[in-house]
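Here the structure comes first, spelled out in structure tokens, and everything after it is commentary.
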Amino acid sequence: MSKDLVEQQGETLAEEDTLAPVSESLQETEEEAQAPTPQKKKWKKKKIIILAVVIVLVLIFLLRACGGGGNLLSGLGYSASAAEYRDLTVSVSGTGTIEPIHSSTLVGMVTGDILSDTFEIGDTVEKDQILYTIDATTAQTNVEQAQLAVDQAQLAYDQAVRAAEDLTVTSTVSGQVSDIAVKRGDSVSAGTAVITVTDSKTMTLKCNFNTADAANIRAGQSATVTITATGESVPATVRNVSAYTTVGAGGTLVQAVELAVTNPGGITGGMAATARVGNYACQSGGTFDYATQTQILAKTSGTVDTIYVSEGSTVSPGSRLLHLDGDALEDQVENAALTLENARLSLQTAQDMLDEYQIKAPISGTVTQKDMAAGDNIGQVGTTTMAVISDMSALTFDMLIDELDIPNVQVGQEVEITVDALPGRTFTGYVDKININGNTANGVTNYPVTVMVENPDPDLLPGMNVSAEIIIEQKEHVLTIPLDAVQRGDTVQVIPASAVSEQDGSIDTTQAREVSVELGSNDSTYVEILSGLEEGDLVLVSNDAAGAGGEGASAAVTSA
């Protein structure tokens, strides 16, 4: 053992209570040796003996320390640790405060007395469940008055619309326009015939049959009509047989038979034709006539400003024929429409206000705060907090992650959570969101990471402080060594097993050799070795790392 090491250990031992008397005796001996005395040689011999005792005691203490696995000498050098296979979990840690995934505050939007409440703190409520009922007497009266105003406005609007609709003259039948009795700029009065519409699809024909034959003809019988000009025959149907007898050609008695013919498209009014019903032929033919001709009348007074049809135009019921100028009526319709819309808005406002007198849960969740109850009065609108509903189906918290670690964090990664208020228990969540806007302070940037805990344990409550570890990577059965065994340049000091003394565990560092290793993942204590070492290889670890609780074998180090 070197002289410097002994002196250094002697100084250390001098601080221990067990060696204090020896130190004091040594000091007294030195002082006495310097004093003039006749027995100087005797004291010199005594001094040598005492020094020898001190040295022996130091050696015994050191041997006990090394042989018993102590760390006195290891604190001055290294310890040894073996490369071993173990499971490795890489994580990033942080802290946060648990909050519900969503909370909603109930605020009084009306004033009045609270008549009832139906819940207590801790109760579970459903969305739209009625929680408070407020006295709504005045609000109900306002709704009824608003409804009356709407009814009156609707009546006035309907009347104005009907009057305005009368300005547009429409057809009441199907057919063709056969006559237009007015032109643009003409003034008309209510009841004036303005357009004639003729039904040209069905034509009628009256022919005279001998009375004897007519007696055998009935309405509904089939007949045949022959057009005189073309000789074309078309089917017909007997509509009726006249009950009156007249004198026909040659003095014979005849009766008129009316037939209906579906116009194939070429028959017009006035065309001549004859008819035959079964075996009976008419004595004299007749001329086609339109089945119906309708005069369309103006319903109100006005000036013709637009005519939508021309003679020959085909129309149907509701088709526009012409329009009369009536600015005053149109203005009345517009004003009535505005009045009606304003009344409806007032009614909706009154109804919405009435709804505010029944305060409902805005979300499904748990009542976490209740500030008002039945009998209390809401004195101020929009500022009075009544209760807080929290969605406890999931909990969340934010944790700050250092900019060096944030690249390794991804959405969906598992998070292990411990809670200060629930010692010994672990909960699980996952990374829900990573905020890209970092917070920079003192030259360091941290990024908020949101953690989600779904279907949480009932013991987890809002406001609890938590510690969390984001599991970045999990590896099973990988070769590892203590992280502090790695030196600059990814090298380690490897020693053979023979360098460790079997007697006292001391290490001969002269046998150490430098080995380059390939590193993999690491946690806060261990690092994965991808190549360069094998299981059981001993590496030197700084004493701080070994003293921190490394699992590898450790021993004191001595210099050769």
Side-chain angles (χ1 to χ4, degrees), residues 88-107 362-363 365-369 371 382-383 385 387-475 482-484 486 488 490 519-528 544-545 548-549:
L88 197 64
T89 299
V90 182
S91 63
V92 177
S93 61
T95 59
T97 302
I98 284 283
E99 297 293 343
I101 188 175
H102 179 58
S103 291
S104 184
T105 301
L106 276 66
V107 178
I363 60 172
T366 302
V367 180
T368 54
Q369 181 178 330
D371 296 323
T383 60
T385 298
V388 176
I389 310 297
S390 298
D391 181 357
M392 302 288 285
S393 62
L395 299 176
T396 184
F397 64 89
D398 286 344
M399 55 189 294
L400 295 178
I401 302 301
D402 188 274
E403 59 185 317
L404 299 178
D405 296 324
I406 201 65
N408 298 321
V409 179
Q410 297 180 5
V411 171
Q413 288 175 330
E414 181 180 333
V415 181
E416 292 184 354
I417 303 165
T418 56
V419 186
D420 296 345
L422 303 172
R425 300 180 61 181
T426 301
F427 306 91
T428 302
Y430 64 89
V431 175
D432 180 57
K433 183 170 54 179
I434 302 172
N435 197 324
I436 62 174
N437 294 320
N439 303 320
T440 302
N442 300 322
V444 177
T445 301
N446 291 300
Y447 292 85
V449 172
T450 301
V451 177
M452 184 72 67
V453 182
E454 293 182 340
N455 302 314
D457 189 293
D459 292 337
L460 281 177
L461 300 178
M464 286 186 171
N465 296 316
V466 301
S467 298
E469 287 193 4
I470 302 174
I471 308 303
I472 303 299
E473 186 179 16
Q474 288 183 314
K475 291 191 172 183
L483 186 61
D484 287 315
V486 181
R488 292 180 181 272
D490 293 347
L519 304 179
S521 303
N522 68 275
D523 59 14
S524 60
T525 306
Y526 295 98
V527 62
E528 178 186 8
D544 290 340

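Please read all numbers here as calculations on a predicted model, not as lab measurements.
The two atoms that bring Ser91 and Glu469 nearest to each other are OG-OE1, 3.1 Å, heavy atoms only. For the pair Thr450 and Thr396, the tightest heavy-atom approach, listed with the atom from each and the gap, is CG2-OG1, 3.1 Å. The two residues Ser390 and Thr368 come nearest to each other via the heavy atoms OG-OG1, 3.0 Å. Of all heavy-atom pairs spanning Gly429 and Ile417, the tightest one is N-CD1, 4.0 Å. Between Tyr447 and Ile436, the shortest heavy-atom contact is CE2-O, 3.5 Å. Taking both residues in full, the closest heavy atoms of Ile363 and Ile389 are given as CD1-O, 3.7 Å, listed atom of the first, atom of the second, then distance.
Separating the CD atom in Glu528 from the CG atom in Leu519 is a distance of 9.0 Å, to the nearest 0.5 Å. Rounding to the nearest 0.5 Å gives a distance of 10.0 Å between NZ of Lys475 and CG of Asn522. Distance check: Ile470 CD1 to Ile401 CD1 gives 4.0 Å after rounding to the nearest 0.5 Å. Atom CG in Asp398 sits 9.5 Å away from atom CG in Asp432 (nearest 0.5 Å). Here the CG-CG distance, from Leu422 to Leu461, works out to 8.0 Å after rounding to the nearest 0.5 Å. With rounding to the nearest 0.5 angstrom, the CD1 atom of Ile406 is 9.0 Å from the CG atom of Asn446.
Within the 4.5 Å cutoff, the side chain of Val411 has heavy atoms near those of the Ile434 side chain. Residues Pro462 and Met392 have side chains in contact (heavy-atom distance under 4.5 Å, counting atoms from C-beta outward). Looking only at side-chain heavy atoms (C-beta outward), Phe397 and Ile98 come within less than 4.5 Å of each other. For the pair Val431 and Val415, the minimum side-chain heavy-atom distance is below 4.5 Å. By the 4.5 Å heavy-atom criterion applied to side chains, Leu400 and Pro448 are counted as neighbours. Taking the side chain as every heavy atom from C-beta outward, Pro362 and Leu106 approach each other to under 4.5 Å. Between Asp457 and Arg425, some side-chain heavy-atom pair lies under the 4.5 Å cut-off. The shortest distance between side-chain heavy atoms of Val466 and Phe427 does not fall below 4.5 Å.
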### Query
After noting the C-alpha distance and the side-chain angles of Thr418 and Thr426, does the key distance pass the side-chain hydrogen bond (donor to acceptor under 3.5 Å, both in side chains) rule?
CA-CA 5 Å; Thr418 56; Thr426 301; over 6 Å; no

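A donor-acceptor pair is defined here as one N or O able to donate and one able to accept, closer than 3.5 Å; such a pair exists between the side chain of Gln413 and the backbone of Asn408. With hydrogens and angles ignored, the 3.5 Å screen pairs no side-chain donor or acceptor of Thr428 with any backbone N or O of Glu416. When atom types are taken as modelled, the side chain of Glu414 and the backbone of Ile471 share no donor-acceptor pair closer than 3.5 angstrom.
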